[in-house]
Amino acid sequence: MLRWLGLEWDGTPVHQSERGDLYRDAASKLVAAGAAYYCDCTAEDVQARNKAAGGKPGYDGHCRDRALEPAPARAVRFRTPRDGRTGWTDLVRGEISFANADIEDFVVVRGNGAPMFLLANSFDDADMGITHVIRGEDHVNSTPKYLMLQQALGLKTPEAFAHMPLLVNEQRKKLSKRRDDVSMADYRDRGYLPEAMANYLALLGWGPADGVEVRPVEEIVALYRLEDVNASPAFFDQKKLSFVNAEHIRALAPAEFLTRSEPFLTRGASARAALESMVTEVQERVRTLAEVEPMIEFLVVDEPEVDEASWTKVVTKGKLVTEMLDATIERLAGLASDGGGQESGWNPAAIQVAVADAAVAAGLVNAEGAPQLSKAQGPVRVAISGRSVGPPLWESLATLGPERTLARLRAMRSRLE
RNA sequence: GCCCCCAUCGUCCAGCGGCCUAGGACGCCUCCCUUUCAAGGAGGUAACACGGGUUCGAAUCCCGUUGGGGGUGCCA
């Protein structure tokens with residue numbers, strides 16, 4: 001998924017599950033140095049004592065000076081300094097610091113011997129030579145612990161931290177897996193381009209100085225600076241994502257658009273051929289790749305499904321519908337038989353002329369007697385596609401071909417008897 | 001509760017003491033173009049949370065208030 005987004009990584013992945021011994025060793029060093037200690041308090045014990053003490057949460061340091069020996073079920077806790085502060089300069093937030101006294105003695109290795117994530121994380125980062133720790137704002141509070149651990153272990157701390165603004169939903173709550181659409185795979189499957197995704201995501205919390213928001217990812221990479229990221233949470237706006245996606249789709253070379261659309265075509269070669277015949281028309285209209293097939297479906301299916309709303313709008317409320325259909329059938333039939341059955345006359349320009357003629361014959365004209373193409377095309381469009389909106393009509397008819405076009409026009413005409 | 005962070009149009013971003021009668025983008029609305037829909041063009045709608053300072057001068061600096069978010073596990 002990172003690769004889909006165009007993100008690469010250095011080195012080989014490190015699996016924390018295979019490095020348990022390393023973390024336990026580190027914890028032992030901590031204990032030996034007096035920076036950590038064994039604790040046999042259960043969660044219930046701690047809770048009970050806290051309740052008795054007035055209900056304040058957190059570990060009370062019960063075992064801090066008991067000098068317990070290692071034993072099964074005994075956890076290792078880090079001995080937090082009682083005074084002083086721990087802080088850092090955050091690339092996006094500036095100076096942040098915590099009073100050490102506010103940080104409880106946190107568990108580093110569980111009673112069952114399993115190291116805690118925080119220990120593994122801070123150890124691995126130093127071990128792998130991580131220079132920049134870039135993560136969500138929700139990690140701010142654990143950063144002092146991370147720092148304390150590395151310092152106590154004598155490890156090198158990262159050059160810089162950047163705590164990015166959280167992405168929030170309409171309720172202004174942090175995006176969550178359960179509630180919100182956060183799956184990249186999902187966006188990919190819904191027809192969003194990876195470059196559009198990367199582009200839009202970069203725009204949350206940051207903006208290019210020149211104000212050009214939609215642009216190639218390489219440019220964003222060149223322009224992006226963590227120091228310029230703002231610190232307030234950002235709403236993930238699907239509407240704007242759609243816009244950005246549409247822009248990136250339009251920026252594609254037609255051949256590339258075709259290739260990218262391929263996975264979304266479920267109707268095989270005929271769908272591909274249909275799309276090929278009117279790529280640019282479709283490309284310009286679609287906001288996601290998932291919208292491609294519905295737009296050309298009428299060219300592929302035997303009988304297009306009739307959309308109720310379209311029928312009502314164009315047929316029920318329309319005027320001179322039967323007249324228009326009759327006249328159109330006549331002209332197009334003539335056009336189809338022109339040139340002794342050759343299809344040379346069946347092209348968008350000729351079709352437009354024929355339909356315009358039909359409009360005049362049907363009486364769909366304006367005050368000057370010119371054909372009202374906008375009204376005239378309605379019945380024809382519904383007849384061939386079942387819908388009142390779609391790609392340009394002349395091109396659509398040209399691609400559909402005379403036989404199917406006439407058959408559909410006649411079928412609709414008979415429905416109106 | 002305690003700790004940390006945040007606060008400019010509905011949304012995202014710009015603004016980092018005077019150029020701001022606050023700019024751009026998405027959305028929405030109007031008009032133009034137009035064979036529908038898109039695209040494109042021209043307009044419009046709409047914001048510096050509040051209160052104190054500092055300063056000749058604050059959206060910009062400081063303090064407080066309010067509001068919002070995040071964190072507070074022997075979860076990752």
Side-chain angles (χ1 to χ4, degrees), chain A residues 16 39-43 46-47 54-59 73-77 87 90 92-94 96-99 101-104 106-118 120-121 136-144 163 165-166 168 170-174 200 203-214 228-244 246-247 250 280-287 291 295 310 313-314 348 351-352 355-356 359 371-378 380-382 385 387-397:
Chain A
Q16 294 186 335
C39 169
D40 63 358
C41 300
T42 65
V46 176
Q47 216 164 45
K56 45 186 172 187
Y59 184 64
R74 282 186 184 168
V76 180
R77 282 184 187 274
D90 200 273
V92 345
R93 274 151 226 280
I96 302 181
S97 73
F98 292 75
D102 287 332
I103 298 166
E104 61 177 316
F106 55 96
V107 172
V108 155
V109 179
R110 279 181 276 237
N112 66 6
M116 295 289 286
F117 170 75
L118 188 65
N121 182 229
E137 191 200 332
D138 47 351
H139 288 273
V140 168
N141 294 271
S142 65
T143 303
H163 286 92
L166 257 22
V168 299
E170 41 287 307
Q171 274 82 239
R172 297 250 124 208
K173 300 279 190 200
K174 161 170 96 159
Y200 177 64
L203 256 21
L204 296 174
W206 175 84
D210 61 9
V212 180
E213 295 187 316
V214 179
D228 295 336
V229 173
N230 69 30
S232 37
F235 171 67
F236 189 87
D237 185 1
Q238 305 225 14
K239 282 234 183 88
K240 184 146 184 179
L241 203 216
S242 275
F243 167 79
V244 173
E247 291 277 292
R250 279 181 224 113
T280 53
E281 284 84 356
V282 174
Q283 183 177 6
E284 193 174 275
R285 268 155 254 263
V286 108
R287 294 172 81 81
E291 290 173 9
M295 198 157 284
S310 296
K313 183 181 167 210
V314 173
I351 290 168
Q352 173 172 0
V355 175
Q372 292 180 296
L373 258 22
S374 155
K375 290 199 175 115
Q377 62 137 2
V380 180
R381 186 181 287 284
V382 171
S385 74
R387 323 192 93 259
S388 61
V389 301
L393 191 60
W394 325 139
E395 285 75 7
S396 297
L397 295 190

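Numbers restart at 1 for each chain; the letters A, B, ... are given by sequence-line order, proteins then strands.
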_Base partner of A7(B), which must satisfy Watson-Crick or wobble distances under 3.5 Å_ = U66(B)
*G-U wobble or Watson-Crick pairing nucleotide for G23(B) (cut-off 3.5 Å, both distances)*: C13(B)
*Taking the side chain of Glu284(A) as its heavy atoms from C-beta onward, which of A76(B), A38(B), C74(B) lies nearest to it?*
A38(B)
*Pair assignment for A38(B), Watson-Crick or G-U wobble, requiring both distances under 3.5 Å*: none
*Between A38(B) atom C1' and Glu247(A) atom CD, what is the distance in whole Å?*
12 Å
*Under a 4.0 Å N-O cut-off, is there an ion pair linking Glu291(A) with Arg285(A)?*
no
Close N or O pairs between protein and nucleotides 22-27 of chain B (under 3.5 Å):
residue	atom	partner	partner atom	Å
G24(B)	N2	Glu213(A)	OE2	3.0
A25(B)	O2'	Glu213(A)	OE1	2.7
A25(B)	O2'	Lys240(A)	NZ	3.3
A25(B)	N3	Lys240(A)	NZ	3.3

*Please report, rounded to the nearest Å, how far the P atom of G40(B) is from the CD atom of Gln283(A).*
13 Å
*Nucleotide-resolved protein contact map, nucleotides 1-7 of chain B, B/S/- at heavy-atom distance under 4.0 Å*: B-BSBSS
*For the side chain of Ser374(A), counting heavy atoms from C-beta on, which of A39(B), C12(B), U35(B) is nearest?*
U35(B)
*asked:* Using the ring pair (Phe, Tyr, Trp, His ring centres under 6.0 Å) criterion, which residues pair with Trp394(A)? Sequence neighbours excluded.
replied: none
*Would you mind classifying the nucleic acid contact of Pro391(A) as base, sugar-phosphate or nothing, using non-hydrogen atoms under 4.0 angstrom?*
base
